[in-house]
There are 2 protein chains.
Amino acid sequence: MIRVLIAEDQSMILGALAALLDMEADIEVIARAGDGKKALALAGEHDPDVVVTDIEMPAMTGLELAGALRGQRAKVIIVTTFARPGYLRRALDAGVRGYLLKDAPAKQLADAIRTVHAGGKVIAPELAAEAWESDDPLSERERQVLRLAGDGMSSGGIADQLHLSEGTVRNYLSEAIGKLGAANRVEAARIARRKGWL
Amino acid sequence: MIRVLIAEDQSMILGALAALLDMEADIEVIARAGDGKKALALAGEHDPDVVVTDIEMPAMTGLELAGALRGQRAKVIIVTTFARPGYLRRALDAGVRGYLLKDAPAKQLADAIRTVHAGGKVIAPELAAEAWESDDPLSERERQVLRLAGDGMSSGGIADQLHLSEGTVRNYLSEAIGKLGAANRVEAARIARRKGWL
DNA sequence: GCCCGCCGATGACAGTTGTCATGCCGGATT
DNA sequence: AATCCGGCATGACAACTGTCATCGGCGGGC
């Protein structure tokens with residue numbers, strides 16, 4: 001029996017995934033969590049073989065959860081909507097053993113759990129290639145500024161929030177726009193978000 | 001036996017929801033579709049009692065699907081991530097019988113299917129109140145322009161795409177910004193998207 | 001017929017944004 | 001010590017954006 005913990009913030013999806021896995025004879029869902037923090041606590045309590053987690057969750061993201069579980073016995077599989085190279089990169093850096101997309105066929109999840117439990121790795125093929133060829137060129141400041149700009153905040157507002165001068169903020173944005181080959185701040189933010197860099 | 005068709009573009013979620021419903025003794029998943037168009041075709045073929053559909057899907061959205069099924073025997077339940085009043089409004093206008101959030105507990109889905117099949121309605125409580133109090137104030141042109149602006153396109157680019165003059169585009173944006181109480185086009189686009197108006 | 005709303009346009013003006021050159025500072029490298 | 005680099009700043013300039021007044025056309029409601 002492979003003992004699995006599932007972390008996923010959308011209750012209905014959590015329940016559905018659990019139902020899916022409970023149909024497998026050799027897999028047992030021993031715990032469910034609605035966010036990363038609860039998942040971490042439950043992992044300590046139940047000592048699962050495999051942790052299946054979403055990325056975008058309240059309190060603690062799946063990537064943070066993977067980092068916190070790093071080095072422990074439980075093997076982590078990320079299951080997410082987002083085909084973002086930056087996410088995969090960060091996941092692998094956090095010692096994750098599997099990275100699947102919710103676009104993939106349902107049966108792949110059980111297969112991935114078995115593979116990972118047996119010591120293997122499973123990476124969504126759409127991402128395996130792209131992951132290493134595009135690297136985040138942004139500095140931390142550029143990321144901060146871009147995040148806020150992408151939410152519609154003006155240069156002045158961003159400057160206030162980050163305790164910078166407005167000119168500096170415009171410099172960072174100009175830098176980021178150049179690095180990403182965008183035409184303006186909004187496009188730059190979109191590109192960075194799509195890649196998983198924000 | 002309640003005969004159900006499920007439409008959902010994320011394969012894994014589709015499979016998981018089907019597994020969840022197959023556990024119910026009185027519910028039978030007779031068909032699955034990965035987009036709205038296939039769902040419409042399959043609905044014609046299999047004549048389901050209830051159609052459970054996501055909103056954001058390729059080829060045809062769940063809202064369009066609901067519109068196309070309007071007046072037919074099958075009853076439609078929307079299951080979506082998005083708590084956007086505008087979506088609920090459009091869903092109700094399309095004759096939908098249920099609107100659930102993926103945040104809701106998994107067991108509510110089966111309950112909703114039974115309720116709807118019995119002639120009832122099920123609306124996510126988080127949304128029931130807000131739905132009617134905030135109405136989309138935007139004109140069709142304003143929506144178009146705002147969509148493109150929100151994607152980072154410049155006034156000139158939007159003008160080219162929509163065959164308008166740049167000044168006119170700026171006028172529409174200014175209008176939209178004013179109506180939504182935003183500070184600029186990006187914030188306006190965010191507000192409109194959050195409400196489900198785009 | 002008249003008014004109103006939506007559509008589309010122009011021109012003018014102030015404010016914001018994007019770019020670039022240039023400068024200062026402190027920490028790390030050599 | 002000299003050099004380099006990232007972070008932060010300034011100033012200047014061109015381009016883009018947001019606002020407003022004004023105009024004409026078209027269709028619907030009263």
Side-chain angles (χ1 to χ4, degrees), chain A residues 86 89-90 93 134-198, chain B residues 86 89-90 93 132-198:
Chain A
R89 166 75 67 100
R90 280 191 267 165
D93 288 348
S134 66
D135 207 353
D136 184 352
L138 301 174
S139 73
E140 182 51 33
R141 274 302 195 200
E142 287 160 2
R143 269 191 294 275
Q144 288 176 14
V145 166
L146 209 48
R147 258 191 287 268
L148 297 173
D151 288 350
M153 195 172 279
S154 69
S155 301
I158 298 170
D160 286 353
Q161 187 134 353
L162 299 181
H163 308 293
L164 295 173
S165 85
E166 183 180 331
T168 302
V169 169
R170 300 223 301 277
N171 287 154
Y172 284 132
L173 282 172
S174 184
E175 267 293 302
I177 290 167
K179 285 178 179 177
L180 299 178
N184 55 54
R185 52 180 70 193
V186 183
E187 199 189 335
R190 276 171 50 83
I191 292 172
R193 252 190 254 275
R194 180 159 41 80
K195 295 277 194 177
W197 294 334
L198 292 191
Chain B
R89 166 76 69 102
R90 280 190 267 163
D93 288 348
W132 303 100
E133 80 195 15
S134 68
D135 206 354
D136 182 354
L138 302 174
S139 73
E140 181 52 31
R141 272 304 194 203
E142 286 161 2
R143 269 191 295 275
Q144 286 176 16
V145 166
L146 208 48
R147 255 191 291 268
L148 296 172
D151 288 350
M153 194 172 281
S154 70
S155 301
I158 297 171
D160 285 354
Q161 188 135 352
L162 300 181
H163 307 295
L164 293 174
S165 86
E166 184 181 330
T168 303
V169 168
R170 300 225 301 280
N171 286 152
Y172 283 131
L173 282 172
S174 183
E175 266 293 302
I177 290 165
K179 284 179 179 176
L180 299 177
N184 56 51
R185 54 180 68 196
V186 183
E187 199 189 335
R190 276 171 49 81
I191 293 172
R193 256 191 251 275
R194 180 159 42 78
K195 295 279 194 173
W197 294 335
L198 292 193

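This structure is a prediction, so every number in the text was calculated from the model and none was measured. Labels below follow one simple rule: chain letters A, B, ... track the order of the sequence lines, proteins then strands, and each chain is numbered from 1.
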For a quick test of reading the model, state the closest non-hydrogen atom pair linking A:Pro137 to A:Leu180 and the distance between them.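 That closest heavy-atom pairing would be CG-CD2, 4.2 Å.
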Between the first and last five pairs of the helix from C:dG1-D:dC30 to C:dT30-D:dA1, the angle of the axes, rounded to 10 degrees: 30°
With rounding to the nearest 0.5 angstrom, report the CG to CD distance, B:Asn171 to B:Glu142.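 One finds 10.5 Å between CG of B:Asn171 and CD of B:Glu142.
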Return yes if a side-chain donor-acceptor contact under 3.5 Å exists between A:Gln144 and A:Arg141, otherwise no. yes
Out of curiosity, B:Thr168 OG1 to B:Ile158 CD1, how far, rounded to the nearest 0.5 Å?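 One finds 12.0 Å between OG1 of B:Thr168 and CD1 of B:Ile158.
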Minimum-distance nucleotide to A:Leu164 side chain [options: C:dA12, C:dG8, D:dA9]: D:dA9
Heavy-atom closest pair, residues B:Ile177 and B:Arg185: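 Looks like CD1-N, 3.5 Å.
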To the nearest 0.5 Å, atom CG of A:Leu138 lies from atom CZ of A:Arg143 at 6.0 Å
State which of C:dT17, C:dC6, C:dG18 makes the closest approach to the side chain of A:Ile177. C:dG18
In terms of heavy-atom contacts, A:Leu173 and A:Ala149 come closest through CD2-CB, 3.8 Å
For B:Tyr172 and C:dG8, is the shortest distance between a side-chain N/O and OP1 or OP2 below 4.0 Å?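 Affirmative; the distance criterion is met.
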What residues from residues 140-149 of chain B pass a heavy-atom cutoff of under 4.0 Å to DNA chain C?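 Heavy-atom cutoff 4.0 Å gives B:Arg141.
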Please name the pair of heavy atoms, one in B:Gly152 and one in A:Asn184, separated by the smallest distance, quoted to 0.1 Å.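 Between these two residues, the closest heavy atoms are O-ND2, 2.7 Å.
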Which heavy-atom pair separates A:Gly150 from A:Ala189 by the least distance, and what is that distance?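 Shortest heavy-atom contact: CA-CB, 3.6 Å.
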Residues in salt bridge (Lys or Arg N to Asp or Glu O under 4.0 Å) with A:Arg170, at least two apart?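 Salt bridge (Lys or Arg N to Asp or Glu O under 4.0 Å) check on A:Arg170 returns A:Glu166.
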Hey, could you give me the OG/CG distance between A:Ser155 and A:Asp160, rounded to the nearest 0.5 Å? 11.0 Å
Show each protein N/O and nucleotides 20-24 of chain D N/O combination with a separation under 3.5 Å, one pair to a line.
from: D:dC20; atom 1: N4; to: B:Asn171; atom 2: ND2; distance (Å): 2.9

Can you tell me if the side-chain N/O atoms of A:Thr168 get under 4.0 Å from OP1 or OP2 in D:dG7?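 Negative; the distance criterion is not met.
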Residues in residues 181-188 of chain B with a heavy atom under 4.0 Å of DNA chain C, by number, are none
Residue pair B:Val145 / B:Leu162: nearest heavy atoms and the distance that separates them: CG2-CD1, 3.8 Å
Provide, to the nearest angstrom, the distance between the CZ atom belonging to A:Arg170 and the C1' atom belonging to D:dC8. 14 Å
Taking atom OH of B:Tyr172 and atom CG of B:Leu146, what is their separation to the nearest 0.5 Å? 13.5 Å
Please report the distance, rounded to the nearest Å, between CD in A:Glu166 and C1' in D:dA12.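 Between C1' of D:dA12 and CD of A:Glu166: 14 Å.
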Quick one: do A:Arg194 and B:Asp151 satisfy salt bridge (charged side-chain N to carboxylate O under 4.0 Å, His left out)? Show the steps, please. CA-CA 12 Å; A:Arg194 180 159 41 80; B:Asp151 288 350; over 6 Å; no
How long is the straight-line distance from CD1 of B:Ile191 back to CD of B:Glu187, given to the nearest 0.5 Å? 4.5 Å
For DNA chain C, determine which residues of residues 151-163 of chain A have any heavy atom closer than 4.0 angstrom to one of its atoms, and list them numerically. A:Ser154, A:Ser155
Rounding to an integer number of Å, can you tell me how far A:Glu175 CD sits from C:dT17 P?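 After rounding, the reported distance stands at 18 Å.
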Between B:Ser139 and C:dG5, is there a side-chain N or O to OP1/OP2 distance below 4.0 Å?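 For B:Ser139, the contact criterion (side-chain N or O under 4.0 Å from OP1 or OP2 of C:dG5) is not met.
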